[in-house]
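Here the structure comes first, spelled out in structure tokens, and everything after it is commentary.
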Amino acid sequence: MSRHHSRQQPLPQSTLATVAVFASPTSWIESDAVAQCHQVAALDGMIHVAAMPDLHPGKGAPIGAAMASTVLYPFLVGSDIGCGIAVFPIGLKRAEPAKLAARFPDLDRALHPEQDSDDPAWAVVDGDIPAGHVDGLGTVGRGNHFVELARIGTVFAPDHASRLGLAAGDLVLIVHSGSRGLGEQILRAHTELHGAGPAPDPAAYLAMHDDAVRWGSLNRRLMAARVAHALGAEPTAPIVDECHNLVELRDGVYLHRKGAAPGHGRDVLIAGTRGTPSYLVAAHAGPDANHSVAHGAGRKMSRADALRRGRAKHTVEELRRTAVGSLVVCGERQLLFEEAPTAYKRIEQVIADLVDHGLATPVATTIPLVTYKTPDRGSTRQRTRRDHRRKRR
DNA sequence: ATGTGC
């Protein structure tokens with residue numbers, strides 16, 4: 001993606017923005033990702049780039065960074081505007097993970113307002129559907145997105161956990177998903193005209209962006225409600241819901257977050273992997289960190305590397321039943337390898353880096369029981385996405 | 001990441 005764009009007027013003399021990396025020297029950070037941070041720092045209007053310990057290379061822009069600029073750059077937020085992680089308490093009698101896994105609804109299948117009008121999940125909609133965008137409502141998507149049933153493990157801050165209504169052993173649903181096709185449409189509309197250049201009308205972009213942020217949050221609530229009903233529980237309101245791909249106007253500058261969660265006095269669920277704990281933290285990041293914290297463990301390997309190396313290292317069964325005893329529902333073999341826990345950094349190191357830099361305080365861990373990624377198409381033959389496409393033709 | 005692109 002080129003960062004050169006046409007301008008009618010001469011640019012003001014640009015000063016290079018500062019780059020701060022919030023990770024210990026021993027934490028593995030790919031040099032390509034740091035290089036991307038410095039490329040971002042050289043953009044017109046950029047003031048400060050804060051890289052989180054889960055930093056890794058993205059398409060054009062780094063993932064795991066908060067970037068403050070006088071100019072709004074849509075590509076720094078990316079296509080999944082509104083992607084985030086929400087946590088919902090769920091009152092369930094403990095049951096076998098295998099039984100629960102089998103009861104998850106098909107989250108590839110969208111809820112349609114008319115065809116599915118009797119679905120009780122609609123009760124979470126308390127207004128209009130943002131942008132009137134109906135396509136893909138209630139679907140989880142692909143990549144690192146998931147819906148997970150987890151139990152609260154170690155509680156580090158009992159009072160804080162208690163204020164959130166949580167105690168060790170409680171069950172929660174964790175939903176990581178975004179705005180599906182809507183955010184992609186919004187970025188594409190900008191990119192077709194302006195490439196990686198700034199939004200010429202920031203207010204117009206922000207209006208669409210804010211719709212996508214609301215849509216993403218609604219989508220997470222819809223999915224939590226679908227799953228709760230399917231598991232025989234009542235839907236609940238999220239106790240945590242933070243979006244990690246967004247831009248906000250803060251102190252007069254555009255603060256872009258790409259794979260970085262708001263960290264100023266927020267509670268944030270920082271995702272581990274599909275086979276390790278996640279961390280619920282109290283975030284208290286200041287201006288040096290662009291008021292942000294990490295959003296997850298962060299990829300250690302590219303998807304291609306994870307697929308290639310994973311095939312030599314793991315069996316499908318090992319990835320479907322993890323080291324913590326959880327089950328992974330994922331009918332796509334390729335995705336299972338791409339998302340293997342070993343393709344990610346150690347979440348404990350990411351959290352330690354945040355703690356050491358004074359950006360967050362752990363509240364509790366969540367231990368996966370069932371992670372849903374894509375519908376299970378049966379275990380007799382694990383298919384890839386390509387197989388599905390072939391079959392359709 | 002994505003109702004995409006090889």
Side-chain angles (χ1 to χ4, degrees), chain A residues 1 33 36 52 54-65 67 73-86 106-112 115 129 131-147 175-192 195-196 208-209 211-213 215-217 219-220 223 242-247 256-261 271 273-274 294-299 301-307 330-332 334-339 343-344 373-375 384-393:
Chain A
M1 195 175 289
Q36 284 185 333
M52 298 297 130
D54 58 338
L55 186 79
H56 56 283
K59 185 187 163 194
I63 301 168
M67 300 153 280
Y73 291 99
F75 89 97
L76 293 182
V77 174
S79 64
D80 197 4
I81 305 161
C83 186
I85 300 181
D106 180 349
L107 298 177
D108 266 6
R109 197 187 149 276
L111 283 176
H112 192 277
Q115 289 156 29
I129 292 166
H133 186 83
V134 165
D135 284 356
L137 259 184
T139 62
V140 63
R142 287 294 186 273
N144 58 359
H145 292 175
F146 63 83
V147 177
V175 182
H176 179 190
S177 187
S179 59
R180 310 290 285 111
L182 179 59
E184 199 273 338
Q185 269 179 35
I186 294 167
L187 181 66
R188 184 155 36 83
H190 171 84
T191 306
E192 278 172 0
M208 293 184 283
H209 159 284
D211 274 340
V213 169
W215 199 99
S217 180
N219 197 36
R220 292 188 284 279
M223 275 186 277
E242 291 301 338
C243 169
H244 50 237
N245 292 348
L246 80 169
V247 57
H256 311 73
R257 292 190 179 90
K258 172 70 172 172
T273 71
R274 282 1 83 217
H295 81 311
R299 295 199 74 85
M301 284 176 218
S302 68
R303 293 188 173 276
D305 283 349
L307 186 61
C330 183
E332 289 177 16
Q334 179 172 323
L335 187 60
L336 201 53
F337 283 109
E338 288 173 354
E339 291 289 311
Y344 283 85
K373 289 193 66 72
T374 70
T384 64
R385 293 190 74 190
R386 184 173 293 188
D387 289 331
H388 290 294
R389 307 246 166 218
R390 274 195 196 125
K391 208 174 176 212
R392 259 183 241 153
R393 280 176 196 156

With sugar-phosphate meaning primed atoms plus P, OP1 and OP2, does A:Arg188 contact a base, only sugar-phosphate, or nothing at under 4.0 Å between heavy atoms? nothing
What is the distance, rounded to the nearest whole Å, between atom CG of A:Leu335 and atom P of B:dT4? 18 Å
Between atom CZ in A:Arg180 and atom C1' in B:dT4, what is the gap in whole Å? 12 Å
Would you kindly give the CG-to-P distance between A:Leu107 and B:dG3, to the nearest whole Å? 15 Å
How close or far is atom P of B:dG3 from atom CG of A:Leu187, stated in whole angstroms? 14 Å
Nearest-angstrom distance from the residue atom CG of A:Leu182 to P of B:dT4: 15 Å
Any base atoms under 4.0 Å from A:Gly178, or only sugar-phosphate, or nothing? Heavy atoms, all strands. nothing
Atom-to-atom span, NE2 of A:His145 to C1' of B:dG3 - whole angstrom: 15 Å
When we call it a touch if two heavy atoms are under 4.0 Å apart, what does A:Gly78 touch: a base, just sugar-phosphate, or nothing? nothing
From CD of A:Gln334 over to P of B:dT4, roughly how many Å is that when rounded to an integer? 17 Å
Sequence-distant partners of A:Asp108, side chain to side chain donor-acceptor pair (under 3.5 Å), two or more places apart: A:Arg142
So, is A:Arg142 near the phosphate of B:dT2, with a side-chain N or O under 4.0 Å from OP1 or OP2? no
Contacts of A:Glu242 that satisfy side chain to side chain donor-acceptor pair (under 3.5 Å) - sequence neighbours left out: A:Arg266
Provide, to the nearest angstrom, the distance between the CG atom belonging to A:Asp80 and the P atom belonging to B:dG3. 9 Å
Could you check whether A:Asp80 and A:His145, counting side-chain N and O atoms only, form a donor-acceptor pair closer than 3.5 Å? yes
Positive for side chain to side chain donor-acceptor pair (under 3.5 Å) with A:Glu339, one of A:Gln334, A:Arg303, A:Arg274: A:Arg303
